[in-house]
Student: 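The structure is given below, and queries will be raised subsequently.
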Amino acid sequence: MRRPVLLPHLIVAALMVAAFLATQMRLDGDSRPRGDLEDLAALAARDDLNVLFVLVDTLRADHLGAYGYARPTSPRIDALAETGIRFEDHLAQSSWTKTSMSSIWTSLYPQHVGVLRSTDVISPEADLPAETLRRAGFRTVGLWRNGWVAPNFGFGQGFESYVTPRPGRPPEGFRRENPGFRLVGNDFDIVTSFDELLRTSGDGRWFVYAHMMDVHQYATDEESALFGPTYLDAYDNAIHFTDRAVDALLDLLEARDLRDRTLVVLASDHGEAFGEHGFEGHARDLHAEVTRTPWILSLPFRLDPGIVIDAPSENVDVWPTVFDLLGIELDAPIDGRSLAPEIRTALARAGGAPEDAGPRAPHPPRTRIAHLDRHWARAEVAPLHAVALTTDRHRLFYYPGRTDLYDRERDPAERANLAERDPETAAALRQTVEDYLASEPVWSGGVPQVELDDMQLGQLRALGYVVEGGR
Amino acid sequence: MSARGTTILAARTTARPRVLRALRRAGLASLLALPVVVSTGCHETDPLESIHALQSQGEWLESASRLQALVEASPEDARLQLEYGKALLAVGEATRAIWPLRRATEDEGLAREAGVLLSMALLSSMNPDDAIAAASRVLELDPEAAEALFVRSRAYVAARREEDALNDADRYVELEPDDPQGRLLQLGILVMLEQLGEAEEAIAAAAPIFEDLADSKPEEAARFCVLEGVFAWEKGDREAGEQHLEGCLARFPEEPIAVIETVAAWDRAGEAEQATTIVRDALSRDPDRAEYRLMLAERLRAIGDDDEAEHVLREGTQRLEGPGPWLALHDFYVAIDDHAQAAEAMREALDRMSDPPAALRIAYADDLLLSGDLVAAEREAEQLPPPGVHLVRGRIHLARRDPAAARAALEEGLRLWPDNASARWLAGRAAEQMGDLPGAIAHYRESVRSDPARSPAAAELAEIYAAMGAGRDAIEFADRHLASHPEDPEAAALLLRLARRFDRTDASTRALAALAAMPGRKEPLRAEQAREQGSALAVAGSEDPAPRADADPSLESALIDAPRDPGVLLVLARALSAREPGSDRVVMLARSALMLGGGGEAGTLLGRTLVERGDFTAAIPVLQHAISSLPAPAIAQYWLGHAHESLGQMDAAREAYARSLEHPGLSAAERADATQRARAPLDDSRGRGPSAP
């Protein structure tokens, strides 16, 4: 009779467990399991998912490592992209927060939302994502610090709580751009609020919108002051600082074992100029430096490696895509479209199942729109529209009486105006813009107006905006 | 769909803004401070009992910490959530309190109490709409809930819905007629609505309530007393207002609000002397009250009596403990530009602090530096943590005429403190003194962007752009400098000078209007004229200095003194070029000279240096521009020839060499070389490097 041998079985079992854990755990604090196309498809059926929407104000894509920047500004955001979905060719709908955010939330182009000026309000007819998610049983919370997304502009619709966190103690050596116009607090105040929310929420599902402002404020501290003395350096320092705040949000999810129950969406409303086309800051024109923004999706499971979607995308696509992934149907009129099919295709390829993905075809041609009323701060004068129309090949800038045309592939920095050399393309695209500008907001009740009070003007001026009006 | 956010707020008249402002100042502003009333009602569980015991001892922070752990363990316990929310509110964490309080409102038995607190937390978090909603839910449960009416009224005020606010305030006063806070709230809203008749009635009705507080809460009673006086005064009955305020002073001589508001009323009436007398009397009654002392010193400074102001502040340092009086004295000396005395005062203040903040230590080092004691300043700087050490060090290097070291130190400091407008300005000066005009412009622009009021960077830019002949930019920055220094006649004089130079009558008008708003301060205009004459002499004296390679130290020194003189820049660049052909510094100096109007000479040197560096493509347009601006561009043509030749553009090269021979200016060796290259068949197949003779 053979004597029972326990040890080999134990070793084998231990090795099996270790192998299993190796596939399920990451070493650097990301406890999400590895996932694939099947997990993606299963998202729509899950009833335990939360949504964290991190909006980093004033974040240009080309200053993130994930988008090829040489400086190590964003290791944590890069890690999100490396294990998630990054949209390579992504554009914002404006270079001014209010217009851009109203497009993100409604999935409509600015002309169709009608929020182009300081006094415009998102129509109460709009069915914003927070309303949709609240109906779906999510606790909805907005944590914001930018006065242009204040509730009296209509941005609080659907949020159970829509608050500006009170400022806490700033980090050691905390600095920000402009001592004369200070927006109080910093993004770690949002982290603190998020922590409290998680602590007290119990098991219910939630949707949190965290609008981070420290890149806008060029805020940094000693730990993140890495790159030098110029304002471009300070901007990069601020990205690093905000990257740490984003990491702190993710750490809170980890600490509560919520990472594998949370879909994280990271996007921005606009970028920032450093004199590339004569301006510094934003909300003045629509060139690439102020409209090329990041969009990253981090799923409740890790993709290894992450995938890159190179089909053209824009901020109006963010919520159609998220809702598509979550299995929530949208019946409102939208200009955006879901990129979920592209994600599925890319994921199928990454998983070595090309038969599921179908033939690799070029993405369909697409025309994208960014829009800025350059008189946004002057309610008493006529609009001064600037519109950027982006096709696969060209980028056209429409101004009253002027057209600039650039070749996207050969001239991504938008330096050589081709409008005179290629008048036919310029005329055709200009006509498209004129048709767009002739269209109307989709709301039957028009665009509500609000008067800015002194407190609000003060808050907006604290962001460095020169806004007329007040009472 | 949400129905909120669509209110169109009608524009109101500002017929009586002074009344509103004065009353707000007099005490209604206190309404904005949310009184957080936290009860310590007992809940019969052991942990809560011990927590309540802590709270009754004022240990709210510790109680919040313990409650946090309990909530963490039992997030479904609504009572714990309520207690936790209360504790967070009590320690000023209003936003954090929202979440537990909202959870607590979901419990039917706690909804009323939690709802009121939630409304307060939301209001403190700048969310009046949600605060209104939370209070309204409480009022649906209990229409007589007075606290909910109070907080909702305040939320309506914050939401600019004054009519709704008044309805709630009226109802609250009905329910709680003896609560002074309710009376003040009602009164404040009536004034906002400019219902002054009703406000007067409200004051009369509230008077007995505040009268009763004279002993128990004299500050509140004094505030209301002042409010009555200011109301009468601003309504037009100055005599009654004056008498009433004097009465308040007599009844509440110990209450600063009575002094401060009476002084403000006299100031508004244009009787500053009477106001000063009141402050002086108040100080003599209560010489240990620092705020009276500061008020008096400020007033004395304003009327030019610096000696008396100094005496008042110095007396404060003898009577009062702590660093405060010394800091006040320090600020006074800084204001009168006596940095040696300022340094002494700051030293005294620092000696009275166990762990003085870095900002004060930087200020001390700065005072030492500005008083000329560089050694002591350096000693202090070395004790400072970054970025202070770098910034002070940079300033010391600048004072020691070492702009390169100054710039390096300042830029290191700016990495950690990018919004320091003064340091940016100093870095700009250091860059200028190194001959790096683009670097200087970048720093100056960023200083203006940081905080134009804290440095003269906009004025520097205006001068630089003027020197470059860029009138539009020069006027723009002179305008910005004046806008950020509206009290500075020098700023107006600068704009006026540039407006005349660039023939901009619109800018002249703005400058003259600004000067006109500064009565009795026209001297700078004359000083500006004198400066213009002086500048002209200085420029005349610096014309055409000879390039001498052995004169670098004196030329570097001349550059520190005159960084915007293209002649100095050019001479230094030539001297360096002879020793370090093609160096970065020569490019920087020549480019700066070119930007400042150095013309074809600067362009020739820059173009030549670019050729020497192998940057032929960049050199060609620079040299072509120089050629177009020089009557005898032999040297520029010669180097243009080299540039074309190096790029394999042989026809253009031959032509340039030939043209270089048409003018005087080449050395004998250059002439021979140009002659040979103009005639000899050049190798057309490829470019070749320049070969300077």
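In what follows, every chain begins at residue 1, and chains take the letters A, B, ... in the order their sequences are listed.
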Student: Among A:Ser193, A:Gly275, A:Ser224, which residue has the highest count of heavy-atom pairs closer than 4.5 Å to chain B?
Tutor: A:Ser193
Student: Does B:Ser124 offer a backbone N or O that forms a donor-acceptor pair with the side chain of A:Arg166 under 3.5 Å?
Tutor: yes
Student: Given a strict heavy-atom distance threshold of 4.5 Å, which part of A:Arg139 is in contact with chain B: side chain, backbone, both, or neither?
Tutor: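 It is the side chain, since no backbone atom gets that close.
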Student: Select one option (side chain, backbone, both, neither) describing which atoms of A:Asp203 are under 4.5 Å from chain B's heavy atoms.
Tutor: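 For A:Asp203, backbone heavy atoms alone lie under 4.5 Å from chain B.
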Student: Which residue out of A:Leu197, A:Leu143, A:Asp233 racks up the most heavy-atom pairs below 4.5 Å with chain B?
Tutor: A:Leu197
Student: Does any backbone or side-chain atom of B:Leu410 lie under 4.5 Å from a heavy atom of chain A? Answer side chain, backbone, both or neither.
Tutor: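 Answer is neither: B:Leu410 stays 4.5 Å or more from chain A.
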Student: Could you give the distance from CG (B:Leu101) to OG (A:Ser161), rounded to the nearest 0.5 Å?
Tutor: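 Those atoms lie 10.5 Å apart.
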Student: Would you say B:Arg160 and A:Asn152 make side-chain contact, with heavy atoms under 4.5 Å?
Tutor: no
Student: Drop me the distance from A:Thr200's OG1 to B:Gln68's CD, to the nearest 0.5 angstrom.
Tutor: 10.5 Å
Student: Using heavy-atom distances under 4.5 Å, tell me whether A:Leu198 contacts chain B through its side chain, its backbone, both, or neither.
Tutor: neither
Student: Below 4.5 Å from any heavy atom of chain A, which atoms of B:Arg96 appear? Answer side chain, backbone, both or neither.
Tutor: both
Student: For the candidates B:His443, B:Glu106, B:Glu93, B:Glu412, which exhibits the highest count of non-hydrogen atom pairs separated by less than 4.5 Å from chain A?
Tutor: B:Glu106
Student: Among B:Glu76, B:Gln81, B:Arg102, which has the most heavy-atom pairs under 4.5 Å with chain A?
Tutor: B:Arg102
Student: Where on B:Pro386 is there a heavy atom nearer than 4.5 Å to chain A: the side chain, the backbone, both, or neither?
Tutor: backbone
Student: As an exercise, state the distance from CZ of B:Arg415 to CG of A:Asn237, rounded to the nearest 0.5 Å.
Tutor: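 Answer rounded to 0.5 Å: 7.5 Å.
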Student: Distance from B:Asp419 atom CG to A:Tyr218 atom OH, nearest 0.5 Å?
Tutor: 12.5 Å
Student: Given the options B:Ala94, B:Gly85, B:Pro100, which has more heavy-atom pairs under 4.5 Å with chain A than any of the others?
Tutor: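 When all of B:Ala94, B:Gly85, B:Pro100 are compared, B:Pro100 has the most.
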Student: Is there a side-chain contact between B:Asn127 and A:Pro151, using heavy atoms and a 4.5 Å cut-off?
Tutor: yes
Student: Pick one of side chain, backbone, both or neither for B:Leu122, based on which atoms fall under 4.5 Å of a heavy atom in chain A.
Tutor: side chain
Student: Report yes or no: does A:Tyr231 contribute a side-chain atom to a donor-acceptor pair with the main-chain N or O of B:Pro418 at less than 3.5 Å?
Tutor: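 A pair under 3.5 Å: yes.
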Student: Between B:Trp99 (side chain only) and A:Ser201 (backbone N and O only), is there a donor and an acceptor less than 3.5 Å apart?
Tutor: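 No; judged by distance alone, with no hydrogens or angles, the pair does not exist.
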Student: Which heavy atom of A:Glu160 sits nearest a heavy atom of B:Asp130, and at what distance?
Tutor: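 Closest pair (atom of A:Glu160, atom of B:Asp130, distance): O-OD2, 3.4 Å.
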Student: Counting only non-hydrogen atoms closer than 4.5 Å, does B:Leu416 touch chain A with its backbone (N, CA, C, O), its side chain (CB onward), both, or neither?
Tutor: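 Both backbone and side chain.
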Student: For A:Thr119, is it the side chain, the backbone, both, or neither that has a heavy atom closer than 4.5 Å to a heavy atom of chain B?
Tutor: neither
